[in-house]
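To start, the structure itself, in structure tokens.
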Amino acid sequence: MINLESNIGKPADDEPAQERAILKCCDLSMLYEPGKGFENANLEIFSGEVLAIVGESGSGKSSLLKTLSAQIDSQHGSLNYFPASSTTSLNLKNISEAKRQSLIRSDFGLVHQHPMDGLRSRVSAGGNIAEPLMQNGERNYEQLRAQALHWLDAVEIDCDRIDDLPTTFSGGMQQRLQIARCLVTQPRLIFMDEPTAGLDVSVQARLLDLMRKLVKQLQLSVVLVTHDLSVARLLSDRIVVMQKGKIVEAGLSDRVLDDPQAPYTQLLVSSVLQS
Amino acid sequence: MPALLIAENLSKTFVLHNQNIQLPVLYQQSLELHAGECLVLNGPSGSGKSSLLRSLYGNYQTDSGNINILSENSYVDICHAHPRKVVALRRNTIGWVSQFLRVIPRLPAIEVVMQPMLESGITEHHARDKAEYLLNHLNVSQRLWELPPATFSGGEQQRVNIAQGFALDYPILLLDEPTASLDDNNSAKVIELIQAAKRRGAGIVGIFHDAWVRDQVADRIYTMQAITPKGKTRDYQ
């Protein structure tokens, strides 16, 4: 018989999750100048979860995202990635440039706030999706075209538009195209910086719904930077709140939003118009 | 049979830093929930019913005490568990039905109901069958099923929400005024769902505004009173 009473009442504070993180940073800092950037960030990202980083402009959330995604270096602390294929972690701070590039191409996906930052304006929509595959060595034209069509369909872009330039697309379509280009290499971890910020509300709703669906379907892990708390509530499992370069609160998304503890989070939550 | 949920000495005070206010809402609350019973939280508004219920779901953070939830033959303290663990508990162990639907843009009503089932690995075919059964049971007109609930009336949204809450057979169900603003006929349909959940062995903690609904579902009443500055008394019947 199992002793059910055995673990009742024992302190479980700071209990670690029973699963292995896929990305972990300890005391990570990157200050461009005092008060600019972020400091002492401690974070873990787990498989299949969406982590939202929220905070006002200048709180350091985008810098943190760039560092976590190995786009920029950090000054202090550690940053480790746990590849699916290996039991040992990869220290992203002491990694060769070649290895960093190949890791970003194979395991990471980036979605920028401005879609054209992540797209090539003089390449067709299909070409934009196929390009990351070509960088990873795929050469078969039929294969590339089939993949492009598949992902256009997945992000709800009419397949007839495959040969059109992204500059002829609307903002919402461009953003969906950028997501298709990001997903085609089947990354394990996706970093998104304000993906819905520049879009109309109706277009935003469609994109959010699409992102929510893809995250569940493909079991993606996502780190999402947003200043929009309703986006964080809809998409994320956990929220990290940043203020002036520091993480001031972290926890389950609905707990952080419905019962905020830190003064800054309370201010943030109470400043939002209820819909 | 071990209890499904054991809450011990829960206390909570809201600290509103920016207004410099402290609002005590829970003081030394303890309760147990067993399989097949419905425990009703009862008391005047402002007595902390909703705060207690939200704490049981991990939606509110308590200052002290613990809430042990039976999951896979051992107890997990939701007050101190890692958020990932709380997410897992909510997927398989604790269900939540409130009177308000958080609408996901564009998602048709039937898919709103199917969603928790699909996420827990039930096939689309079975999920659709069950969703149709629940929506039918709750008198949600079939012509609404393929429409997003954002434009539905309050009562219709609420019934979609209830269908979603009862879609999975959670061992523990938390109900926050599920019949508020429903007419008697539809409230009776919800009562039937609650009775069926009790029969399959679910433990239910609920807040019910209507006395007649409460009388029909309650096995035990947990009485709450607003906290006086010195602390709070409670009756446990």
Side-chain angles (χ1 to χ4, degrees), chain A residues 1-19 21 44-49 51 201-210 212-213 216-217 230 233-235 237-239 250-268 270-271 275, chain B residues 1-4 6-9 12 14-21 25 50-51 54-55 57-63 65-91 96 102-108 111 115 118-119 148 150:
Chain A
M1 174 143 162
I2 311 150
N3 183 1
L4 289 162
E5 310 292 318
S6 62
N7 55 359
I8 290 186
K10 284 188 188 161
D13 284 304
D14 303 317
E15 185 199 348
Q18 306 278 306
E19 51 191 330
E44 283 179 300
I45 293 130
F46 297 93
S47 177
E49 78 166 343
L51 177 77
V201 180
S202 63
V203 179
Q204 225 183 52
R206 178 172 192 185
L207 189 71
L208 286 170
D209 179 42
L210 177 74
R212 203 188 53 84
K213 209 164 75 190
K216 296 273 183 237
Q217 254 172 24
S230 56
R233 187 191 283 274
L234 186 68
L235 290 180
D237 303 298
R238 289 193 296 134
I239 288 180
L252 203 63
S253 297
D254 61 78
R255 205 280 298 150
V256 170
L257 296 174
D258 294 337
D259 187 16
Q261 306 289 313
Y264 176 69
T265 316
Q266 293 185 351
L267 187 68
L268 207 62
S270 65
S271 310
S275 62
Chain B
M1 281 286 277
L4 296 177
I6 304 169
E8 298 169 317
N9 301 320
K12 176 170 181 62
F14 282 108
V15 180
L16 307 177
H17 294 279
N18 303 296
Q19 291 81 14
N20 210 1
I21 296 174
V25 284
S50 213
S51 294
R54 283 167 177 270
S55 301
Y57 195 55
N59 178 236
Y60 278 3
Q61 184 176 311
T62 50
D63 303 328
N66 43 57
I67 300 165
N68 295 293
I69 287 169
L70 185 63
S71 166
E72 290 164 7
N73 292 326
S74 72
Y75 284 102
V76 179
D77 179 2
I78 201 169
C79 298
H80 301 99
H82 190 281
R84 294 287 296 158
K85 200 104 190 225
V86 181
V87 170
L89 279 176
R90 289 176 177 186
R91 192 161 45 230
W96 174 268
R102 286 219 178 269
V103 183
I104 299 158
R106 292 206 313 161
L107 207 61
E111 288 181 31
Q115 200 192 319
L118 297 177
E119 282 173 21

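Note that these values count all heavy atoms, side chains included, but never hydrogens, waters or copies made by symmetry. Reminder, nothing fancy here: chain letters follow the sequence lines and each chain counts from 1.
For B:Glu111, there are no salt bridge (charged side-chain N to carboxylate O under 4.0 Å, His left out) partners at least two apart in sequence or on another chain. Judged as a salt bridge (charged side-chain N to carboxylate O under 4.0 Å, His left out), and not counting sequence neighbours, A:Asp237 has no contacts.
Atom NZ of B:Lys12 sits about 3.5 Å away from atom CG of A:Asp259, to the nearest 0.5 Å.
Contact tally against chain A (heavy-atom pairs below 4.5 Å) for B:Ala88, B:Gly65, B:Pro83: the top residue is B:Pro83. Comparing A:Lys216, A:Arg238, A:Arg206 by how many heavy-atom pairs each has under 4.5 Å with chain B, the most go to A:Arg206.
Heavy atoms of A:Gln204 lying under 4.5 Å from chain B are absent altogether. For A:Ala262, the part lying near chain B is the backbone, with the side chain staying farther off; criterion is any non-hydrogen pair under 4.5 Å. At a 4.5 Å heavy-atom cutoff, the contact between B:Phe14 and chain A is made by side-chain atoms alone.
Ionic pairing of B:Arg54 and A:Asp254 is not present here: no N-O contact between side-chain nitrogen and carboxylate oxygen is shorter than 4.0 angstrom.
Between B:Val87 and A:Glu49 there is no side-chain heavy-atom pair separated by less than 4.5 Å.
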